[in-house]
**Student:** 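The structure's right below; bear with me while I get my questions together.
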Protein chains: 2
Amino acid sequence: MNIPELQQKFNGQYKLTRQREIIFHTLTDHAGRHLSAEDIYNTVRQQYPEIGLATIYRAMELFNNLGIVQKLDFGDGCHRYELCDHHSRQHHHMICIVCGKVIEMAGYLPDKFEPDISHMNDFSILDYQLYFYGYCKECQSKYRK
Amino acid sequence: MNIPELQQKFNGQYKLTRQREIIFHTLTDHAGRHLSAEDIYNTVRQQYPEIGLATIYRAMELFNNLGIVQKLDFGDGCHRYELCDHHSRQHHHMICIVCGKVIEMAGYLPDKFEPDISHMNDFSILDYQLYFYGYCKECQSKYRK
DNA sequence: GTACATGCAAAAGATTTGCACTCTT
DNA sequence: AAGAGTGCAAATCTTTTGCATGTAC
């Protein structure tokens, strides 16, 4: 995904401001990372000190609505954002329910899984998120199964 | 899941208080619903007016750590809780990224999908959550794909 | 008796909002 | 010019925490 594609997604309705452009670049520069609004804020601030945190939240809401980012929840008290791209469809997250550790793993849903559902519910699917919950190696002894 | 099973999960370490028992019954009485802490609080309060909201949160954290409930995030500003049971492994959630509507759908991951991963990462999986994001029928016209 | 649990009120955080001002198109 | 977007500060809300007291085992 690049700036012209972003413009295209904006479809004339939303404007490509300097702030949104820098935020977008922050996301592409950290592809594969799980950035919180605060993380993005701190990064963008280095290049554009006047930026407000509210702008980050507003951009994330727009990007999420347009299917540009996924909003993730690992249960650590804030939402995290990750670009939607080919890569994002091929990894999932395992979260330790005791210590909160997040482990990424490769994998994708079986091909036939998704289209069926979409058709069944008049729901146009852009993306999905698959979370596995359990005990990481270190925490397996602390809580019983 | 019933009270003796709950006791067993507590494993002598955690106590079966009247509050936890009522909270637990609230969950079983509303199986299949997606209750927020506030929802649970309001329900429990009818039967046990002295209950504090903090107790709900503390119980939910414990139940989640013990694999009794799943903590869900539909992006509506609060976490929601649902009992883990056989049923919970057989449905997923579709969330409209525009209006936030949540649609449940039947389905489960292919059997062979899960164990591989667990083994691969020394991660003992209790449960998983699969979210699909897209546009519901009503919102498909508001934002472009 | 001893850990563990609770209620309350305060604190902490994340996210949202109102508003005057500015910028993209 | 006009609709959108922004920064700031205040407001909102959810969730957590400290502490004195109460309770299950």
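Because the structure is a prediction, the values reported are computed rather than measured. Here is how names work: the chains are called A, B, and so on, in the same order as the sequence lines, proteins then strands, and each is numbered from 1.
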**Student:** Answer with base, sugar-phosphate or nothing: what part of the nucleic acid does B:Arg58 contact at a heavy-atom distance below 4.0 Å?
**Tutor:**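 The residue B:Arg58 makes base contact.
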**Student:** Write down the distance between CG (A:Leu6) and C1' (C:dT25), rounded to a whole number of angstrom.
**Tutor:**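 Atom-to-atom, A:Leu6 to C:dT25, this comes out as 16 Å.
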**Student:** Which of the following nucleotides, D:dT6, D:dT14, C:dT6, is nearest to the side chain of A:Thr55?
**Tutor:**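 Ranking D:dT6, D:dT14, C:dT6 by closest atom to the A:Thr55 side chain puts D:dT6 first.
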**Student:** A:Tyr41 near the nucleic acid: base, sugar-phosphate alone, or nothing, with a heavy-atom cut-off under 4.0 Å?
**Tutor:**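 Counting heavy atoms under 4.0 Å across all strands, no contact is made by A:Tyr41.
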**Student:** Just call it for A:Leu16: base, sugar-phosphate, or nothing, with non-hydrogen atoms closer than 4.0 Å on any strand.
**Tutor:**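 The answer is sugar-phosphate, as A:Leu16 gets under 4.0 Å only of primed atoms, P, OP1 or OP2.
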**Student:** Between B:Cys78 and A:Glu50, name the one whose nearest nucleotide on DNA chain D is closer to the 5' end.
**Tutor:**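 By nearest-heavy-atom nucleotide position, the 5'-most residue is A:Glu50.
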**Student:** Any luck finding a side-chain donor-acceptor pair between A:Gln129 and A:His93 under 3.5 Å?
**Tutor:**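 On atom types as modelled, these side chains do not qualify, holding no pair under 3.5 Å.
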**Student:** Pick the closest DNA chain D nucleotide for B:Arg18 and for B:Ala37 by heavy atoms, then say which residue is nearer the 5' end.
**Tutor:**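 It is B:Ala37 whose nearest nucleotide is closer to the 5' end.
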**Student:** For B:Arg20 and D:dG22, give me the distance from atom CZ to atom P, rounded to whole Å.
**Tutor:**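 Between P of D:dG22 and CZ of B:Arg20: 18 Å.
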**Student:** For A:Phe10 and C:dT24, give me the distance from atom CZ to atom C1', rounded to whole Å.
**Tutor:**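 Value for this atom pair: 12 Å.
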**Student:** Between B:Asp39 and B:Ser36, do the side chains contain an N or O donor and an N or O acceptor separated by less than 3.5 Å?
**Tutor:**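 Yes, because at least one side-chain N or O of B:Asp39 sits under 3.5 Å from a partner of the opposite role on B:Ser36.
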**Student:** Base, sugar-phosphate alone, or nothing: which one does B:Glu21 contact when heavy atoms must sit under 4.0 Å apart?
**Tutor:**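 Contact class for B:Glu21: none.
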**Student:** Check whether any side-chain N or O of A:His79 sits under 4.0 Å from OP1 or OP2 of C:dT15, and answer yes or no.
**Tutor:**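 Result: yes.
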**Student:** Within 45 degrees of the ring normal and closer than 6.0 Å to the centroid, is that where the cationic atom of B:Arg20 sits relative to B:Tyr14?
**Tutor:**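 So B:Arg20 doesn't make the cation-pi contact.
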**Student:** Check whether any side-chain nitrogen or oxygen of B:Gln7 sits under 4.0 Å from OP1 or OP2 of D:dC25, and answer yes or no.
**Tutor:**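 Answer is yes, contact under 4.0 Å.
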**Student:** NA contact type, A:Gly12, heavy-atom cut-off 4.0 Å: base, sugar-phosphate, or nothing?
**Tutor:**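 Nothing: the residue A:Gly12, judged by heavy atoms under 4.0 Å, touches no strand.
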**Student:** Nearest to the side chain of A:Ala54, which nucleotide is it out of C:dT15, D:dT16, D:dC8?
**Tutor:**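 Out of C:dT15, D:dT16, D:dC8, the nucleotide with an atom closest to A:Ala54's side chain is D:dC8.
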**Student:** Assess, by modelled atom type and distance only, whether the side chains of B:Tyr48 and B:Gln19 contain a donor and an acceptor separated by less than 3.5 Å.
**Tutor:**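 The answer is yes; a qualifying pair exists.
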**Student:** Can you tell me which nucleotide in C:dT15, C:dA5, D:dT6 comes closest to the side chain of A:Gln19?
**Tutor:**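 Ranking C:dT15, C:dA5, D:dT6 by closest atom to the A:Gln19 side chain puts D:dT6 first.
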